[in-house]
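Below is one structure, written out as structure tokens; the observations come after it.
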Amino acid sequence: MSGAIHHHRPTLKQQNKPFKSKHATKSALKEAAKGRIPRQSPKSSATAQNSAAQLRLNRKNNAKQAQIKKRNAIVSATRLFSGVDGAPRIVAVIPLTNDARASETVTALASSLEIHAEDVSENGIWKMRADRFKTSLQFITVPYRDFYGALEACRVADYTVLVLSPTQEVEEWGDTLLRTLQAQGLPTVVSVVADSEDVDSKARSGIQKSLLSFVQYFVPSQKKVYDLHSNSDRLNALRVLSEGKPEDVRWRDGRSYLVGEEVEWTKEEGEGEGGTLKVTGVVRGSTLSANRLVYIPNFGDYQIAKIMSAPASRPSSKNANANSMEIEPALLAEPDGSSADSLISTNDPDDMANEQTWPTEEEMNGTGGEDQHEAPDAAQGTTPKSVKRVPRGMSEYQATWIVDEEEDGEDGEENKENGNEEAVMEEDEPEEMVDLQPDEDMETATDARKSVNFDFEELDHEEEAKQLKSWRDRKREEEDDLNFPDEIDTPQDVPARTRFQRYRGLRSFRTSPWDAYENLPRDYARIFQFEDYKRTERAVRRRAEQEEGVVEPGARVSIYIRDVPQNAASQRPFMLYALQQHEHKVSVLNFTVQRNTEYDGSVRSKDELILCVGPRRLRVNPIYSQHTRGGGKGVNNVHKFERYLRHGITSVATIYGPVVFGKQPCILLRESADSQVAMGTFLDPDTTRIIAKRIILTGHPFKIHKKTATVRYMFFNPDDIDYFKPVQLHTKHGRVGHIRESLGTHGYLKAHFDGPINQMDTVCMSLYKRVFPKWATMWASQASGLGSGDSDAMEE
């Protein structure tokens, strides 16, 4: 060992830096780098890129160019309001407290320009010319607690004036209104404090700071709250309304609307029940086409007869004869018969082409003649078919999809699932089938709607207590559904194969096939379907941009509308909205909604709500379903039905309604309490979206031997076990199994699983059924003079 040669460790060897040649070729440098990219210092790269911008002269030039660019943007945005013929700035004045008045606010703002405001009503339109700012203002006053009037005014407004009180706090109604306006799309906000002599001048500064903090919770961009007691604040508030650039409301992009300054209704000989409505105002938003339909709130969609120019009269002191000269209105646009939209919103189902032959009463009873044979018994181990509700000509796959057309049956089913035995007995009774002709069907439907409008009848104490208990039980049902989702008890007095014959089992909810066009309800024969919704939307917008003969925004016109009822001319203020192509047609609409955190009530599927989307307000009964992660359809486009709309979860609400283009915000409201239930955005008009309602039948493992168990309380007779034998079982602890055989006569069954189960586990069977929403109708406010029955009849 002493003769061994000792070596130093390689890490201690000195390695000199290789020589760098200044005249190396590009290929040599690339070979040496071997694909590595040298890291550049952020400071050095930024310095190199911005070295020219750091020069003083260049910095001044860049600032000047940015200033000119911003100024040009403001000028182009406010060009609509500039000049003598400029469009007025629409200002919605909304009081949030009881002691604040919209008319007094308008009077105080006008007094800053020494203009004496006369005849300013609490609910109407008042126009003012502000010569100092070279513009005009059009105030829309809204009375206190007019919830839907405030929403309607803010739909067309450029500015929103929120009137606060120096002595009263904003109530819960005001908070709900601000949240709803925020969800709808709030125009530029200007906050003012109403003038009051009861407030000390020293306390006004603290009150303004407190109110500013309140407003910034809803509108963070607010910098100041103007005090109408001070003349300088009144002038500054008016300057903001007159000189600023109003923010764009997203849902109004590409849409034309108009505020009626003059409304006149005439009727000529030969016209139907309605007459011609002449609406004069300034076109706002996008271009207006005579080929598109217009929407009048509370009354519906109508066609344009023609569009005439309506130049405003301008008095001139230089020419004495200027007042006497009148400019003749010119024809600006007329509808083209080949491209004008029609008022057809639904399809007319062809009952003969879609005829289905149902079994006669004799065939049902087995006495249908010589050729009638009894249905053979089901083979061992298969599910027997129910003959009495299966139409002729259907396959075995189709036979499990019979869906009752009556909506009352669905409601009755909800009652049965909650343990209502009386509803169970009523549904089992045979129903009499009556064939109605189309005219008779419309008359019967109209009579049914009229019968809903009954007078108020005060209930006795026993009935009132019974209904109160039923309402409180609904809260308990929601809690039970949260703790035990979709679990129901199998009825003992009704066979399960009869009670759940419209349900089917799925091996996999995510991947099992489901035909979206099989055994659809009659409402699906009435709606329209898009082959490619996105492509249609792009084509509609492109045609709107390229269309000729349209009226540009800012033009003062008179629009003549056909077949409008006379009471439509009496509503004030009068708003008019232009629809895009196809937006009158009815389809299946899906909205992503999230429940309002401030709303504590119960929201159940098919509860009647008011949907505000775009310019429309609809009375709907939406059904809710799970929102697939990422917004996709999944493999089979099947989504689980949700009985309740819950807090903190984004769900999809589905209705039948007019088509919507664009990502329109939507709001769900309760009509009774003016409370916001949920808010969201339009998703798509997907008619193939399958909403599957799930029920879970549960059983108790009575005896267990390794992987085999005897289960009870899931069924109560052997026939039900044979009927549901092919359906897969699962447990709450993740085991999967199948029914082996029936035991005894009391509904006991033997099941085999893929692993051992324990006594504390629960055996479950999931069954699914497709559900559909109810037909939506137009909602009309009480101020329009229409009741719910009138609006329903008008929608039909």
Check whether N236 reaches the backbone of S232 with its side chain - one donor and one acceptor, N or O, closer than 3.5 Å.
yes

Heavy-atom donor-acceptor pair, E247 side chain to V189 backbone, under 3.5 Å:
no

Could you tell me whether a side-chain N or O of K127 sits under 3.5 Å from a main-chain N or O of F139, the two making a donor and an acceptor?
no

Rounded to the nearest 0.5 Å, how far does CD1 of I94 lie from CZ of F147?
10.5 Å

Should R617 and L611 be marked as a side-chain contact (heavy atoms from CB on, under 4.5 Å) after you check the CA-CA gap, both sets of side-chain angles, and the distance that decides it?
CA-CA 6 Å; R617 287 199 293 257; L611 173 67; over 6 Å; no

In terms of the angle between their ring planes, are Y577 and Y257 parallel, tilted or perpendicular, with boundaries placed at 30° and 60°?
tilted

Consider only side-chain N and O atoms of Q168 and T97, and report whether a donor and an acceptor are under 3.5 Å apart.
no

Please test V91 against L109 for side-chain contact (heavy atoms from CB on, under 4.5 Å), starting from the C-alpha separation and ending with a verdict.
CA-CA 12 Å; V91 182; L109 292 175; over 6 Å; no

Counting only heavy atoms not in Q216, do more than 12 fall under 6.0 Å of its CD?
yes

So does E171 have more than 12 non-hydrogen atoms from other groups sitting under 6.0 Å from CD?
no

Given L258, L579, I561, the one that forms side chain to side chain contact (heavy atoms under 4.5 Å, CB included) with V294
I561

Would you call V219 and L178 a side-chain contact if the rule is heavy atoms closer than 4.5 Å?
no

If we ignore hydrogens and angles and just use 3.5 Å, is the side chain of H229 paired with the main-chain N or O of D195 as donor and acceptor?
no

E583 side-chain N/O to Q580 backbone N/O, donor-acceptor pair under 3.5 Å:
yes

For S121 and N123, which I'm curious about, is there any donor-acceptor pair between the side chains at under 3.5 Å?
no

Would you give the length of the straight line joining atom CD of Q184 to atom CZ of R179, rounded to the nearest 0.5 angstrom?
16.0 Å

Matching residue for D158 among R89, K245, R284 - test: salt bridge (charged side-chain N to carboxylate O under 4.0 Å, His left out)
R284

Are the side chain of D227 and the backbone of S230 linked by a donor-acceptor contact shorter than 3.5 Å?
no

With distance as the sole test, does W265 use its side chain to make a donor-acceptor pair with the main-chain N or O of V564 at under 3.5 Å?
yes

Flag this pair as yes if the NZ/CZ of R616 is under 6.0 angstrom from the six-membered ring centre of Y295 and inside a 45 degree cone about the axis; otherwise no.
yes

Between L293 and I304, is any pair of side-chain heavy atoms under 4.5 Å apart?
no

So do T681 and C666 actually touch side chain to side chain, heavy atoms under 4.5 Å?
no

Pair Y148 and W779, ring centroids less than 6.0 Å apart:
yes

Between T280 (side chain only) and E261 (backbone N and O only), is there a donor and an acceptor less than 3.5 Å apart?
no

CD of Q65: more than 12 outside heavy atoms within 6.0 angstrom?
yes

Check whether S309 reaches the backbone of A330 with its side chain - one donor and one acceptor, N or O, closer than 3.5 Å.
yes

Which residue in the set V225, V163, L162 passes side chain to side chain contact (heavy atoms under 4.5 Å, CB included) when paired with V192?
V163

Are more than 12 heavy atoms from other residues, nucleotides or ligands located less than 6.0 Å from atom CZ of R572?
yes

So, taking the atom named CD in E262 and the one named NZ in K278, what distance separates them when rounded to the nearest 0.5 Å?
7.0 Å

Determine, for D131 against R129, whether the closest basic-nitrogen to carboxylate-oxygen distance falls under 4.0 angstrom.
yes

Side-chain heavy-atom pair D607, N621 within 4.5 angstrom cut-off
no

Please answer whether the main-chain N or O of L228 pairs with a side-chain N or O of R234 as donor and acceptor at a distance below 3.5 Å.
yes

With side chain to side chain donor-acceptor pair (under 3.5 Å) as the criterion, how do Q676 and T176 come out once you've worked through the C-alpha distance, each side chain's angles and the decisive distance to 0.1 Å?
CA-CA 7 Å; Q676 184 193 90; T176 304; over 6 Å; no

Will you find, in the side chains of N291 and E547, an N or O donor that is under 3.5 Å from an N or O acceptor?
yes

How long is the gap from CE on M128 to CG on L113, to the nearest 0.5 Å?
5.5 Å

Mind checking whether F591 and F682 have parallel, tilted or perpendicular rings, split at 30° and 60°?
perpendicular

Do T276 and E268 touch side chain to side chain, with heavy atoms closer than 4.5 Å?
no

